[in-house]
Protein chains: 2
Amino acid sequence: MKYSASKENYIKAIFHLQQELEQVSTNSLAEALETAPASVTDMLKKLKAQQLLQYERYRGVRLTASGKKLAIQIIRKHRLWELFLVEKLQFGWEEVHDIAEELEHISSSKLVDRLDEFLGFPKADPHGDPIPDMQGRIPALRQSTVSEMPESGFGRVSGIGDQSPAMLALLRHNHIALGAHLQVRKRFEADRSVEIKLAGHPAVNISEHVAKNIRVTYENNPQ
Amino acid sequence: MKYSASKENYIKAIFHLQQELEQVSTNSLAEALETAPASVTDMLKKLKAQQLLQYERYRGVRLTASGKKLAIQIIRKHRLWELFLVEKLQFGWEEVHDIAEELEHISSSKLVDRLDEFLGFPKADPHGDPIPDMQGRIPALRQSTVSEMPESGFGRVSGIGDQSPAMLALLRHNHIALGAHLQVRKRFEADRSVEIKLAGHPAVNISEHVAKNIRVTYENNPQ
DNA sequence: ATAAAAATTTAGACAAATCTAAAAAAATGG
DNA sequence: CCATTTTTTTAGATTTGTCTAAATTTTTAT
Ligand SMILES: [Mn+2]
Ligand SMILES: [Mn+2]
Ligand SMILES: [Mn+2]
Ligand SMILES: [Mn+2]
């Protein structure tokens, strides 16, 4: 089956919204896709006819098994292309989303799988989000602190423990903020300090104390 | 300016047809694009309104300067993606066209230029066709024989001189046919024989006599 | 020169994806 | 429990790219 880019965008948006609320509303979809709610209603009828989702009017929407499968395929393509752009074509992590938004609709599945191989079957994209594998399995991400991250692992800042002004000043100075993505460049056993790199800034060293204070979401098996 | 994939396909088809006939007819375009002639007429009006071509009804069509420029950009993308698929993702040269037909419509021009750099600013695609550079210049291709091709140069078989049964048997044995693309792997000064490689077959050595008999179109400045 | 053939355009439709405005259903809150 | 607000759907258009059938123009060949 081949679906239009528009339909694929709907399916992907529903999948993402479903992570939070089990039931996805017309208005939340309209907001996510930047369309009029009326357009969403129209499209939901078509997607239902194609068995990609369950939908009863006024009742919200849920993906079927095949809808989920499709969503995961698109997300896989999106994240692999993002990583390709950053790793191989030297793009910054902040400029790749819009391009991947187009590339994710290229239909060849052989292409995605070859790209996956070319990139060494990576587990996470440049933003730290997990890349589904060929079978649609999504690698688990670990919730922990920078002090436990492996060398060369990517992660995204999900929280700060000690939020004292002194600590926040240090973090702000190093551009460490909620949602920021970072890479552990090196771990020093001497003092258990860690060298980390944030996009657009030189690498910096942080003490074990600070590293334990930065909560992150990161891939379980980097490399 | 951003154009739809459909419009880009029209512009590209007109450009290619223009290489032969200076004047491109509605029917030839319809055939090339596998659409009804009426659809072509409709689209030509739109493309004319966008100043991409000159068009008077019943009079055929010609690209304007900006139409040509757009065509060359699309061809550049198409051929760079084809080469990427063959060189980096191990696709066969015969399976890449359809995928490139989709990839050529990805809009980011930064992406194409980075891809160009990633591939080492190549001069020809896997089919031996020239790749326009960033400024839209198309490298000249030379018309000659295998015996004059430089080492590691790619070329496409454009003709056979001696067509005796004996010669044809030898050529067929080595899978050398009109339209085949080949690469010169090594030139041996000892006997002026040449080792050539055809897609999907092991490299073979051909004598100077045979090399002089295979006419090819190839890039002037390989590497 | 003119009739037949071929090429091209026009007319009228249609599917996909979108919109605005109006109607209907559901949720909320006194 | 009912009135108001919010959400969602329906109705009716619009744009883009396509189609078939019919009309028109150009070309070709007697
Ligand atoms: Mn998209
Ligand atoms: Mn991402
Ligand atoms: Mn195309
Ligand atoms: Mn090609």
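Keep in mind that the numbers below use all heavy atoms, side chains included, and drop hydrogens, waters and symmetry copies. None of the values given here were measured: they were computed from a predicted structure. Residue numbers start from 1 in every chain, and the chains themselves are labelled A, B, ... in the order their sequence lines are given, proteins ahead of strands.
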Set out, line by line, the N/O atom pairs under 3.5 Å between protein and nucleotides 1-5 of chain C.
none

Exercise for review: Round to the nearest Å and state the distance from B:K48 atom NZ to C:dT8 atom C1'.
Suggested key: 15 Å

Practice item. Considering just the side-chain nitrogens and oxygens of A:K7, establish if one lies under 4.0 Å of OP1 or OP2 belonging to C:dA16. Key: no

Exercise for review: Establish, with yes or no, whether the OP1 or OP2 oxygen of C:dA16 is under 4.0 angstrom from a side-chain nitrogen or oxygen of A:S6.
Suggested key: no

Can you give me the N/O atom pairs linking the protein to nucleotides 20-24 of chain D at distances under 3.5 Å, or say none if there are none?
residue	atom	partner	partner atom	Å
D:dT24	O2	B:Y58	OH	3.2

Review point. Within a strict 4.5 Å, meaning less than it, do heavy atoms of the B:L52 and B:Y3 side chains meet?
Key: yes

Point to revise | Gap between atoms CG and C1', on B:N9 and D:dT18 respectively (whole Å) | key: 14 Å

Review point. Between atom CG in A:L44 and atom P in D:dT10, what is the gap in whole Å?
Key: 11 Å

Review point. Under 4.5 Å between any side-chain heavy atoms of A:I99 and A:W81, yes or no?
Key: no

Practice item. Identify whether any heavy atom of A:Y3 sits under 4.0 Å from a base atom; if not, whether one sits that close to sugar-phosphate; answer base, sugar-phosphate or nothing. Key: nothing

Point to revise | Side-chain N,O (B:Y55) to OP1/OP2 (C:dT8) below 4.0 Å | key: no

Exercise for review: Would you mind reporting whether B:L111 and B:R114 have side-chain heavy atoms less than 4.5 Å apart?
Suggested key: no

Point to revise | Any side-chain heavy-atom pair of B:Q73 and B:V112 under 4.5 Å | key: no

Study note, to complete from the structure: d(A:L80 CG, A:E117 CD) to nearest 0.5 Å is 12.0 Å

Review point. Between C:dA16 and A:S4, is there an OP1 or OP2 to side-chain N/O distance shorter than 4.0 Å?
Key: no

Check your understanding: What nucleic acid atoms does A:T41 come within less than 4.0 Å of, heavy atoms only: base, sugar-phosphate, or nothing?
Key -> base

Revision key, fill the gap. Here the distance between atom P of C:dA26 and atom CG of A:N27, to the nearest Å, is 15 Å

Point to revise | Between P of D:dT18 and CG of B:L33, the distance in whole Å | key: 8 Å

Check your understanding: Would A:S25 and A:N27 count as having a side-chain donor-acceptor pair, cut-off 3.5 Å?
Key -> no

Study note, to complete from the structure: DNA chain C nearest-nucleotide lookup for A:A5 and A:R59: closer to the 5′ end is A:A5

**Study point:** Minimum-distance nucleotide (side-chain atoms of B:K45 versus C:dT10, D:dT8, C:dT18)
**Key:** C:dT10

Study note, to complete from the structure: Residues pairing under side chain to side chain donor-acceptor pair (under 3.5 Å) where one sits in residues 41-53 of chain B, two or more places apart or in two chains, turn out to be none

Review point. What is the distance from CD of A:E31 to C1' of D:dT8, rounded to the nearest Å?
Key: 15 Å

Review point. Once the angle between the rings of B:F84 and A:F118 is folded into 0 to 90°, is it parallel (under 30°), tilted (30 to 60°) or perpendicular (over 60°)?
Key: perpendicular

Review point. To the nearest Å, how far apart are A:E8 CD and C:dA17 P?
Key: 11 Å

Check your understanding: Just wondering, more than 12 heavy atoms not from B:Q135 lying within 6.0 Å of its CD?
Key -> yes

Review point. Within the structure, does a side-chain N or O atom of A:T35 lie under 4.0 Å from either OP1 or OP2 of C:dA17?
Key: no

Point to revise | B:R57 side-chain proximity, nearest of D:dT8, D:dT10, C:dT10 | key: C:dT10

Exercise for review: Mind calculating the distance between CD (B:E34) and C1' (D:dG17) to the nearest angstrom?
Suggested key: 16 Å

**Study point:** More than 12 heavy atoms from other groups under 6.0 Å of NZ on B:K212
**Key:** no

